[in-house]
Amino acid sequence: MPHRAAPSPIYDSLVDEHGDVLGEARRLAEHTHREAERLLAWDLSATGADRPE
């Protein structure tokens, strides 16, 4: 769980009850971003777009 400036018992209770939804969404977004970068980089190299003319 990320560090927060002040204790938040309501948030902590929700995390205990439902899991860290925000943390999971953040991890999935980072994974999707890395995967998109990888696929786009492959696409550019496959088309020769990264080679100077």
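With sequence neighbours excluded, the residues forming a salt bridge (charged side-chain N to carboxylate O under 4.0 Å, His left out) with E24 are R27, listed by chain and number. Residues passing the side-chain hydrogen bond (donor to acceptor under 3.5 Å, both in side chains) test with E30, sequence neighbours excluded: none.
A distance-only check finds no donor-acceptor pair linking the side chain of S13 to the backbone of P9 [under 3.5 Å].
Taking the charged nitrogens against the carboxylate oxygens, E35 and R38 do have a contact shorter than 4.0 Å, which makes a salt bridge.
Counting side-chain heavy-atom gaps under 4.5 Å among Ile, Leu, Val, Met, Phe, Trp and Tyr, the cluster of I10 also holds L14.
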